[in-house]
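First up is the structure itself, then whatever we jot down about it.
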Amino acid sequence: MSKAFDAMKAQEEQLLCRTYARYPLAIVRGKGARLWDVNGKEYVDLLAGIAVTALGHCNDEVCAALVEQAQGLWHVSNLFYQEPQVELARLLLSTTHHGKAFFCNSGAEANEAAIKLARRYMRKVAQRDAWEIISLDGCFHGRTLATLAATGRENLSDGFTPLPEGFRHVPSENLAALEAAITPATAAVLVEVVQGEGGVVPLSGDWLRQVEALCRQRGVLFICDEVQAGFCRSGKFWAFQNYGLTPDIISTAKSLANGLPMGAMLATNEVAQGFALGSHATTFGGGALVSAVAAKVVEIMLRDKLAQRAEELGGRLKERLCAMQARLPNKIREVRGLGLMLGIELAIPGRPVWMELLERGYICNLSHDVTLRLLPPLTIDEDDLTAFAATLEDILRTDSGI
Ligand SMILES: *Cc1c(COP(=O)(O)O)cnc(C)c1O
């Protein structure tokens, strides 16, 4: 490591809250699927800021939209009508069966809005005193107190209790457990179609369809958290569309503004009646600047058919990785995922492999110490993916202490 890096690291440790176990890397520049560190070393970015910069770093068209809007209007608050917000809602809702959007600033906030809407819809529209949210073991829905309660991982809530009440967890792929957990107090079932932070765990389409049918039968709302798998990454615009689901509410964020902080909750017209004037709000949500950028992002995703691209490139990469798994069954346990959201679960400790990939110029995420998680920009060249697979195989075949 260089002196410049060491100095920055020391300052960070002194000045910032000790919440992040950071990678040993300081990034200074990005373009497309490339990143450069403070020493000028180049990397292929297979993480995209955790599924955020789906159109690549400093995308020219997105930059142009940002600059144009920045010279016109940044922020006036939601007390005013703002054209970019309406244009974004129109584009976003054209991708789904939902009828109304609420804009906010993060994935956790989008889930907060979804939870609040579900509860208020039950009380005010369905006229039932139902408030409980059921989510799944292994899920991740955010770090605010309510979304931590929905997440339900004890290690994440350690020291932060009491968490808000009204959350319950069931194992995934177990319909009987869910049936037993739904009571008259249940407002909604909340799921990720592909559990991202859980280690890239896709839930089965059959089971998800049964969950949705059960929700309909018991008068419970069905919510999909699309924060990570949404925006074309799964091979469809929304991950729920892989299985013909029609969730009442979805929460979204990460890729929405390609790196500017933004989230959105989308609901059917029926369920959106749960909110009334003044019942939910945010100062920054859907401001002109982020909305203009997000509208450009969605426009490009649709124009360039990035869902189809993710399906094709992701499908071929997955095939390649599965073939590698067949050659190296004692090194790779499983390859999972949809589209360009892939997990490679290793049969050996992951950290040395992940470190060696970094050394050779490939950035990905290591989940639960064994799963390499790939969330590349959807615009990445296929050659980069092929070269990554070859490098990984080389690392796994070389016995350099791995
Ligand atoms: C990242 C993530 C969140 C939380 O989003 P933040 O913007 O970090 O609040 C929620 N749900 C899922 C599925 C996520 O991947």
Side-chain angles (χ1 to χ4, degrees), residues 17 19-22 47-54 102-118 133-153 156-157 160 163-164 167 169 172 188-203 208 222-234 238-240 242 245 247 249-266 282 284-286 290 293-294 297 336-343 364-368 371 373-376 378:
C17 283
T19 55
Y20 299 106
R22 298 188 198 267
L47 184 54
I50 320 183
V52 169
T53 51
F102 178 86
F103 294 118
C104 52
N105 313 288
S106 69
E109 267 185 81
N111 280 322
E112 288 272 344
I115 293 163
K116 286 180 74 176
L117 178 62
I133 308 293
I134 300 177
S135 51
L136 304 180
D137 291 347
C139 70
F140 181 81
H141 299 298
R143 302 278 196 151
T144 60
L145 289 171
T147 57
L148 258 188
T151 296
R153 280 199 222 149
L156 301 188
S157 53
F160 297 126
L163 298 183
F167 296 88
H169 297 89
S172 27
V189 175
L190 168 62
V191 307
E192 289 164 272
V193 171
V194 183
Q195 293 185 331
E197 301 304 304
V200 192
V201 181
L203 303 184
L208 286 165
F222 181 53
I223 308 176
C224 289
D225 179 337
E226 292 272 347
V227 171
Q228 187 162 149
F231 291 104
C232 302
R233 182 158 296 282
S234 74
W238 302 107
F240 71 79
N242 285 285
L245 304 169
I249 304 174
I250 64 173
S251 52
T252 84
K254 290 193 163 89
S255 292
L256 174 53
N258 209 55
L260 295 191
M262 190 174 199
M265 181 214 61
L266 307 182
T282 148
F284 291 118
V290 285
V293 168
V297 169
R336 318 182 274 266
L338 287 179
L340 284 174
M341 181 172 183
L342 293 173
C364 63
N365 171 247
L366 180 66
S367 175
H368 298 80
T371 302
R373 181 167 57 148
L374 309 180
L375 300 162
L378 308 179

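Just the heavy atoms: all of them, side chains too, but no hydrogens, waters or symmetry mates, feed the values below. Values in this document were obtained by computation on a predicted structure and should not be read as measured data. Order of listing sets the numbers, starting from 1, for every ligand and every atom in it.
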Could you list which atoms of ligand 1 come closer than 4.0 Å to a heavy atom of [X]?
{"X": "Phe140", "value": "2 (C), 3 (C), 4 (C), 11 (N), 12 (C), 13 (C), 14 (C)"}
{"X": "Asn111", "value": "10 (C), 11 (N)"}
{"X": "Glu192", "value": "13 (C)"}
{"X": "Ser106", "value": "7 (O), 9 (O)"}

Subject >> No-hydrogen, no-angle side-chain donor-acceptor test under 3.5 Å, Ser234 and Asn242 >> reply: yes
Original post:
Will you find, in the side chains of Thr151 and His141, an N or O donor that is under 3.5 Å from an N or O acceptor?
Top reply: no
Original post:
Is it true that a side-chain atom of Gln195 and a backbone atom of Leu203 form a donor plus acceptor pair closer than 3.5 Å?
Top reply: no
**OP:** Say whether, by atom type as modelled, one donor and one acceptor occur between the side chain of Arg233 and the main chain of Pro376 under 3.5 angstrom.
**Re:** yes
Original post:
Of the backbone atoms (N, CA, C, O) and the side-chain heavy atoms from C-beta on, which set of Thr144 has a member under 4.0 Å from an atom of ligand 1: side chain, backbone, both, or neither?
Top reply: neither
Original post:
What do we get for His141 next to ligand 1 when only non-hydrogen atoms under 4.0 Å count, side chain, backbone, both or neither?
Top reply: backbone
If every non-hydrogen atom of [X] is compared with every non-hydrogen atom of [Y], which pair is closest and at what distance?
{"X": "Pro247", "Y": "Phe240", "answer": "CD-CD1, 3.5 Å"}
{"X": "Gly107", "Y": "Val227", "answer": "CA-CG2, 3.8 Å"}
{"X": "Arg153", "Y": "Phe140", "answer": "NH2-CB, 3.8 Å"}

**OP:** Check each of Ala108, Ala253, Gly196 against atom 9 (O) of ligand 1 and report the one with the nearest heavy atom.
**Re:** Ala108
**OP:** Could you grab the distance from atom CG of Leu266 to atom SG of Cys224, nearest 0.5 Å is fine?
**Re:** 11.5 Å
**OP:** For atom 11 (N) of ligand 1, find the nearest protein heavy atom and state the residue, atom name and distance (0.1 Å precision).
**Re:** Asp225 OD2, 2.8 Å
Would you say [X] has any N or O atom under 3.5 Å from an N or O of ligand 1, going by distance alone?
{"X": "Gln228", "answer": "yes"}
{"X": "Gly107", "answer": "yes"}
{"X": "Lys254", "answer": "yes"}

